[in-house]
Protein chains: 2
Amino acid sequence: MNALPILEPVTDETCCTPASRPALDAEQAKRRALVFKALADPNRLRLLSIIKAESSGSTCACDLIDPLDLSQPTVSHHLKILVDAGFLHREKRGTWAYYSLIPGALERAAGLLGSL
Amino acid sequence: MNALPILEPVTDETCCTPASRPALDAEQAKRRALVFKALADPNRLRLLSIIKAESSGSTCACDLIDPLDLSQPTVSHHLKILVDAGFLHREKRGTWAYYSLIPGALERAAGLLGSL
DNA sequence: CCCGAATATTGACCACCATCAATATATGCA
DNA sequence: TGCATATATTGATGGTGGTCAATATTCGGG
């Protein structure tokens with residue numbers, strides 16, 4: 001289990017960089033690595049990029065298959081990973097699934113680097 | 001070939017976020033994913049954290065083995081990945097190897113997220 | 001010049017991951 | 001109700017990655 005969304009909201013871990021900080025313990029390192037694992041795939045980066053570039057807030061999954069050169073199940077798989085990691089929100093409307101960037105998620109992920 | 005250090009210096013890719021941007025092409029996505037791959041391991045995050053926390057600029061490799069619970073070859077392996085990815089600088093002094101954060105590397109990696 | 005110590009490299013092994021075809025699920029519509 | 005469509009899940013497969021033991025390399029000192 002440990003179903004905790006990985007990109008947790010702002011906590012003392014993610015902000016307020018003190019001058020010096022004790023090094024990451026194994027547990028924190030593991031959780032943070034999960035965030036970067038989600039980003040460590042070219043196709044997932046492209047998904048985030050496409051969804052971010054959409055002027056409307058959300059993007060239909062059907063519009064995410066052609067741009068990448070992947071099968072529908074594979075795209076669905078990558079989207080799930082991004083949702084689980086806390087980057088994307090999924091909303092089903094009828095048969096369609098719409099994905100949108102969770103506000104601040106990319107910024108929080110970036111913040112994890114500053115607070116190493 | 002393609003020995004390009006992954007965390008390239010500041011270019012139009014990494015700064016100046018225009019209002020709208022064409023989505024990442026496959027090539028850019030692949031290169032950026034390499035950066036996050038380097039960060040997608042708990043032990044490598046701990047290495048970066050320890051080296052960053054050192055008050056002196058550089059840290060002896062011999063001081064990086066005990067804190068992690070890994071064999072010497074494995075630590076050496078992770079350090080190489082971080083060097084190749086452009087996060088760490090290695091300087092040999094006699095038999096010892098000293099590692100230091102490349103200034104701005106973490107910030108540039110964080111910037112890759114903002115410019116998706 | 002040889003020895004010991006610190007680090008890097010090699011080779012092997014196991015776990016995890018990206019991918020696809022096939023199938024399942026769910027929704028809208030006639 | 002039954003079919004067509006959009007999406008998710010399952011199962012299998014090839015490839016990648018983290019790890020260690022063993023070995024190689026490099027350097028300083030006696």
Side-chain angles (χ1 to χ4, degrees), chain A residues 2-3 6 24 26-27 29-48 50-51 58-85 87-100, chain B residues 2-3 6 24 26-27 29-48 50-51 58-85 87-100:
Chain A
N2 190 8
I6 303 171
L24 249 57
E27 188 57 35
K30 201 169 181 180
R31 290 181 60 210
R32 296 193 186 195
L34 288 177
V35 176
F36 296 112
K37 270 187 216 294
L39 298 170
D41 180 275
N43 291 312
R44 287 198 288 272
L45 289 182
R46 296 189 76 191
L47 285 173
L48 289 174
I50 294 170
I51 293 170
S58 58
T59 308
C60 177
C62 59
D63 293 329
L64 294 169
I65 300 177
D66 278 12
L68 314 188
D69 213 31
L70 297 175
S71 68
Q72 176 269 323
T74 301
V75 174
S76 183
H77 167 71
H78 285 311
L79 288 169
K80 178 175 170 48
I81 289 177
L82 290 171
V83 169
D84 290 348
F87 285 104
L88 292 182
H89 170 74
R90 183 180 68 183
E91 181 195 1
K92 291 217 72 169
R93 290 207 284 266
T95 342
W96 291 272
Y98 289 82
Y99 289 87
S100 56
Chain B
N2 192 4
I6 304 169
L24 249 57
E27 189 57 35
K30 202 170 181 180
R31 291 181 59 209
R32 296 193 186 195
L34 288 177
V35 176
F36 297 113
K37 270 187 215 293
L39 297 171
D41 179 275
N43 290 313
R44 286 198 288 272
L45 290 181
R46 295 189 76 191
L47 285 172
L48 289 174
I50 293 171
I51 293 171
S58 58
T59 308
C60 177
C62 59
D63 292 329
L64 293 170
I65 300 177
D66 278 11
L68 313 189
D69 213 32
L70 296 175
S71 69
Q72 177 269 325
T74 300
V75 174
S76 183
H77 168 70
H78 285 310
L79 287 169
K80 178 175 171 49
I81 289 176
L82 290 171
V83 168
D84 290 346
F87 286 106
L88 292 183
H89 170 74
R90 183 177 70 182
E91 181 195 1
K92 290 218 75 169
R93 291 206 283 265
T95 337
W96 289 271
Y98 289 81
Y99 289 87
S100 56

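In the text below, chain A, chain B and the rest are named by the order of the sequence lines, each starting its count at 1. A quick note: this is a predicted structure, and the numbers were derived from the prediction, not measured.
- Within residues 36-45 of chain B, no residue is approached by DNA chain C to less than 4.0 Å at the level of any non-hydrogen atom.
- Among the heavy atoms of the strands, none lies under 4.0 Å from B/Tyr98.
- Nucleotide D/dA6 holds its C1' atom 15 Å from the CD atom of A/Glu91, rounded to whole Å.
- Counting 5' to 3', DNA chain C first comes under 4.0 angstrom of a heavy atom of chain A and last does so at the ends given by C/dA18 to C/dG28.
- A/Lys30 is linked by a salt bridge (charged side-chain N to carboxylate O under 4.0 Å, His left out) to nothing, counting only residues two or more places apart in sequence or in another chain.
- B/Lys92 is linked by a salt bridge (charged side-chain N to carboxylate O under 4.0 Å, His left out) to nothing, counting only residues two or more places apart in sequence or in another chain.
- Applying the side chain to side chain donor-acceptor pair (under 3.5 Å) rule to B/Thr74 yields the partners B/Ser71; only residues at least two apart in sequence or on another chain are considered.
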Close N/O contacts between protein and nucleotides 24-30 of chain D (under 3.5 Å):
none

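- In this structure, the side chain to side chain contact (heavy atoms under 4.5 Å, CB included) partners of A/Ser100, at least two apart in sequence or on a different chain, are A/Ser58, A/His89.
- Contacts with DNA chain C (heavy atom under 4.0 Å) in residues 71-82 of chain B: B/Gln72, B/Pro73, B/Ser76, B/Lys80, listed by number.
- For A/Glu91, the side chain to side chain donor-acceptor pair (under 3.5 Å) criterion is met by A/Arg93, not counting sequence neighbours.
- Side-chain contact check for B/Phe87 versus B/Ile81: every heavy-atom pair is 4.5 Å or farther apart.
- What you find for B/Ala29 and B/Leu24 is that their closest heavy atoms are CA-CD2, 3.8 Å.
- Shown here for A/Ala33 and B/Leu45, the closest heavy-atom pair between the two residues is N-CD1, 3.5 Å.
- Note that CG of A/Leu47 and CD1 of A/Ile65 are 10.0 Å apart. Values are rounded to the nearest 0.5 Å.
- Not counting sequence neighbours, the partners of A/Arg44 by the side chain to side chain donor-acceptor pair (under 3.5 Å) test are A/His78.
- Pairs engaging residues 60-83 of chain B under the salt bridge (charged side-chain N to carboxylate O under 4.0 Å, His left out) rule: B/Lys80-B/Asp84 [sequence neighbours left out].
- Note that CG of A/Leu79 and CG of A/Leu64 are 6.0 Å apart. Values are rounded to the nearest 0.5 Å.
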